[in-house]
Asks: 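Attaching a single structure in C-alpha cells format; questions to follow.
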Amino acid sequence: MTLRLYDTATREVRDFVPLEEGKAGIYVCGLTVQSEPHVGHVRSAVNFDVLRRWLTHQGYQVTFIRNVTDIDDKILAKAAEQGRPWFNLAYAMHRELDKALASINVLPPTYEPSATAHVPEMLELIQTLIARGHAYPAEDGSGDVYFDVRSWPAYGELTNQGVDDMAPAEDADPPMMARKRDPRDFALWKGWKKESEPESAAWPSPYGPGRPGWHIECSAMAGKYLGTAFDIHGGGVDLRFPHHENEQAQSRAAGHAFASYWLHNAWITTAGEKMSKSLGNSLLIPEVLKRVRGIELRFYMIAAHYRSHVEFSFEALDEAAAGFRRIENFLDRAAAIGIGHDERPTSPARVGAPADVPLPDAFVAAMDDDLGTPAAVAVLYDTVREGNKLLADGPSPALITAVRQVVDMLGVLGLDPTDPGWPSATSSSDSRMAAAVDALVQGLLAERADARVAKDWARADAIRDQIKAAGIEVEDTPAGPVWTLPTTG
RNA sequence: GGUGGGUUGGCCGAGAGGCGAGGCAACGGACUGCAAAUCCGUGUACACGGGUUCAAAUCCCGUACCCACCUCCA
C-alpha cells in the first residue's frame, strides 16, 4: 500500500513518490504572529502534524519546516495601535502560538524559521529574479521591487487560472500603477515608508531600506532548509492564491523546481463565516480549553477530514469530547486489570520504531487514502468495541493486542493520552494528591462494601453520593469498585 | 466575470455505481441491589427535477441555495 495524497496543483489524488527514497521534506505555511491564535488557526497545524506523524510512522525520515511570519503590514499596524514595538508584539504572539500548539500536542517542527531572520536569503533570491528578467525595481523611487507576472507564462498554473481572467487588483489605482508594470505584479520587497513605519522595520538592501514582501520569505526559507526541490508544501486553502501561486512562480522563475505536491486544509468557520470575522474571543485557544481538554479539541479536529469544511460549534465539540472519553475509558479499564503502561509504550518512543503489533489494515488503508482520519477513527472505535468485549474475560493476549493497537493508532494521530507531550497531570504533587485522595476514598469504599454486604442499599448509595459530591465517580466492576475523577465536559 | 468546493438520518461526520463507516443523542434488551460503564439490538439519510444503468447518495444534464479565493486571512 502506498500513501496517496490530494494534490491541489493537479486536482487529483496521486501516489506519493518522494524525491529521495525514504525521506520526506515538508514545508507548511505557519502563522503571521499578529494576534492570539484561535481554533481556526490551529487546525492547519493539527492536520499537517498528522501528515508528519503518519509519514514518520511509515518509516520516512521527515524534515518538517513551519515558518513564522513576524513582519508584515498587520503586525506593524497593530503594534502601532497598541503603542509597542512591532517585534514585541510579534514575539509575544509567537509565544502564544507555541503555547496553543503545545496544548494540542502538535510536535515542534524540525525547524521554525522566521522571516526577519532570513532577509539576506530573500535579497539573494530577489537578485536572481531581477537578473533573470522576472523582477524589477519600481521606477517611481518607492524602493519597491515587483515580480513581473507577464514575464512568467506559467503564472496561474497552481490555481488553474489565467492572468487575464483574474479580477483586476484593487490597488490598480494611479499611484500603484506608476510602480507596477501590471496590476497583478506582486511585491518582493517593500521600500521603507519613513513617514508611517518605524526604522526598526527596515533592512538595508540594494534597492534602499525596506522589508520583505510576504511571499518571498517562504520561497527563500523553503529553499534554504529543504532545497530547491522538495516533496510537500502545505497550508490553508486561502493561501492557494495569491500566496502559493506567487511562491511557486517566483521560485520556479528563479530556476527551482520547488514543491512536488501541494496540500491545503479547509477552514473551520463559525456561523458560516471566517473566524477572523467572528465576534468575541470565545474561540481563542485558552478559552476553548476551559471547556474541553486539549486532547479533546485535537480529536474534534481529527474526526473530520482535513479537506472538509468544518462548521465549529461547542455542541459538536462536546460530542467529540464525549466520544473520545469512550476510547480513554477502554484504556483505563484495561489498565485497571493490569494491562497498563507496560503494554502501552509512550508514543514518542514509538514514532519511527517498528510496531511489534501491526496497526489494523483498515486503519493503514484509511490513512494511506489521503489521510482519511474519519475512517481511521472508525477503525479505532471498532477496535475499542472488540477490546471492551474481551475485557469481560480478563487479561488475554487478544486484549493486549487490542490495547496496543488502540494506543498505536492514537499515537499516530497524536492522541495518546499517555504521551508526555500533553500537559502533565502526573506531576509529583499531583500523584501525591492522588494517593492522598485514594486513601480517603478507599476508606469510604470499604464502608460502602460493608453496607452492601449487609444489603443496606440506602447506606451504600448515600456513601456513593457523598463521594460523588466531591466530584468523584464510583463504578462497580467485576474486580471491585473503581473511582475516577471524570473530566468535566 | 474567473477558479475551487459544498448541500448526507435528531445532531456531528465518512463514503463516491450494488453490500446501512463511525460517533453523539434517543429507545428496547442483557449485566447490576440500584446506578455507572460495557455489550446486543432498533433508524430505510443522502438539496430539488430529469436522465443513463439490471442497479445511482455515488455518473450525466438542469435548478436552487451555500461557502472559499481572485494581491499579503490558517
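Lettering follows sequence order; numbering is per chain, from 1.
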Asks: Could you list, one pair per line, each protein nitrogen or oxygen that sits under 3.5 Å from a nitrogen or oxygen of nucleotides 3-7 of chain B, together with the distance?
Replies:
unit_1	atom_1	unit_2	atom_2	d
B:U3	O3'	A:N160	ND2	3.2
B:U3	O2'	A:T159	O	2.9
B:G4	OP1	A:N160	ND2	2.9
B:G4	O2'	A:R240	NH1	3.1

Asks: Pairing check on B:C48: which nucleotide meets the Watson-Crick or G-U wobble criteria with it, both distances under 3.5 Å?
Replies: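 B:C48 is paired with B:G62.
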Asks: Donor-acceptor pair, distance only, cut-off 3.5 Å: does the side chain of A:D7 make one with the backbone of A:W262?
Replies: yes
Asks: For A:D382, which contact category applies under a 4.0 Å heavy-atom criterion: base, sugar-phosphate, or nothing?
Replies: sugar-phosphate
Asks: Assess the side chains of A:H244 and A:Q248: does a donor N or O sit below 3.5 Å from an acceptor N or O?
Replies: no
Asks: Does A:K455 make a side-chain N or O approach to OP1 or OP2 of B:C34 shorter than 4.0 Å?
Replies: no
Asks: How is A:H264 classified with respect to the nucleic acid when contacts are heavy atoms under 4.0 Å: base, sugar-phosphate, or nothing?
Replies: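 If one applies the 4.0 Å heavy-atom cut-off, A:H264 turns out to touch nothing in the nucleic acid.
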Asks: When the C1' atoms of B:U8 and B:G2 are considered, how many whole Å apart are they?
Replies: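 Between the two C1' atoms, the distance is 30 Å.
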Asks: Does B:A14 have a Watson-Crick or wobble mate here (both distances under 3.5 Å), and if so which one?
Replies: none
Asks: Does the aromatic ring of A:W457 sit over the six-membered base ring of B:G33, closer than 5.5 Å centre to centre and tilted less than 30°?
Replies: yes
Asks: Looking for any heavy atom pair under 4.0 Å, which part of the strands does A:P242 touch: base, sugar-phosphate only, or nothing?
Replies: sugar-phosphate
Asks: How close or far is atom P of B:A74 from atom CD of A:E36, stated in whole angstroms?
Replies: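 Going from A:E36 (CD) to B:A74 (P), I get 14 Å.
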Asks: Go through the N and O atoms of the side chain of A:D461 and the base of B:G33, and report whether any donor-acceptor pair is under 3.5 Å.
Replies: yes
Asks: Take the protein atom NZ of A:K180 and the nucleotide atom C1' of B:U71, then report the distance between them rounded to whole Å.
Replies: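 It is 6 Å, rounded to the nearest whole Å.
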Asks: Using the C1' atom as the reference point in each nucleotide, state the distance between B:C60 and B:C24 in Å, no decimals.
Replies: 37 Å
Asks: A:D369 CG to B:A21 P: how many Å, rounded?
Replies: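 Result: 16 Å.
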Asks: How close or far is atom C1' of B:C12 from atom CD1 of A:I302, stated in whole angstroms?
Replies: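 Between C1' of B:C12 and CD1 of A:I302: 16 Å.
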Asks: Expressed in whole Å, how much space separates the P atoms belonging to B:C27 and B:U63?
Replies: 45 Å
Asks: Expressed in angstrom and rounded to an integer, what is the separation of A:E319 atom CD from B:G22 atom C1'?
Replies: 12 Å
Asks: Determine the interatomic distance between C1' on B:U42 and the same-named atom on B:A57; round to the nearest Å.
Replies: 23 Å
Asks: Does A:F186 reach a base, just sugar-phosphate, or nothing at all? Heavy atoms under 4.0 Å.
Replies: base
Asks: Say we look at B:A47 and B:G41: how far apart would their P atoms be, to the nearest angstrom?
Replies: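 Approximately 28 Å lies between the P atom of B:A47 and that of B:G41.
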Asks: Distance check: side-chain N/O of A:N329 vs OP1/OP2 of B:A37, anything under 4.0 Å?
Replies: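 So the side chain of A:N329 is outside the cut-off, no N or O lying under 4.0 Å from OP1 or OP2 of B:A37.
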Asks: Scan every strand shown for a Watson-Crick or G-U wobble partner of B:C27, both distances under 3.5 Å, and answer none if you come up empty.
Replies: B:G41
Asks: Does any donor-acceptor pair link the side chain of A:D318 with the base of B:C11 at a separation under 3.5 Å?
Replies: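 Answer is no: no donor-acceptor pair is held.
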Asks: Any donor-acceptor pair under 3.5 Å linking the side-chain atoms of A:D148 with those of A:Y146?
Replies: no
Asks: Is a donor on one side and an acceptor on the other found under 3.5 Å between the side chain of A:R43 and the backbone of A:I302?
Replies: no
Asks: Mind checking A:T8 for me? I need base, sugar-phosphate or nothing, with any heavy atom below 4.0 Å counting as a touch.
Replies: nothing
Asks: For the P atoms, the ones on B:G20 and on B:A56, what distance do you get once it is rounded to whole angstrom?
Replies: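 Those two atoms are separated by 15 Å.
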Asks: What's A:G213 touching, base or sugar-phosphate or nothing? Going by heavy atoms closer than 4.0 Å.
Replies: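 Since no nucleic acid heavy atom lies under 4.0 Å of A:G213, the category is nothing.
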Asks: Return the value, rounded to whole Å, for the distance between atom CH2 of A:W483 and atom P of B:A37.
Replies: 18 Å
Asks: Answer yes or no: is there an ion pair linking A:E386 with A:K389, defined by an N-O contact shorter than 4.0 Å?
Replies: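 Yes, charged N to carboxylate O under 4.0 Å.
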Asks: Kindly say whether, by distance alone, the side chain of A:R326 makes a donor-acceptor pair under 3.5 Å with the base of B:A37?
Replies: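 In this structure, the two groups form no donor-acceptor pair.
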Asks: Ion pair present between A:R293 and A:E328, side-chain N to carboxylate O less than 4.0 angstrom?
Replies: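 Between A:E328 and A:R293 there is a salt bridge, with a charged N closer than 4.0 Å to a carboxylate O.
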Asks: With sugar-phosphate meaning primed atoms plus P, OP1 and OP2, does A:V482 contact a base, only sugar-phosphate, or nothing at under 4.0 Å between heavy atoms?
Replies: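 Nothing, no nucleic acid heavy atom in range.
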Asks: Is a donor from one side chain sitting under 3.5 angstrom from an acceptor on the other, for A:D185 and A:Y136?
Replies: yes
Asks: Check the orientation of A:Y155 and A:F241. Use parallel for under 30°, tilted for 30 to 60°, and perpendicular for over 60°.
Replies: perpendicular
Asks: How long is the line joining CG of A:D393 and P of B:C39, in whole Å?
Replies: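 Atom CG in A:D393 sits about 14 Å away from atom P in B:C39.
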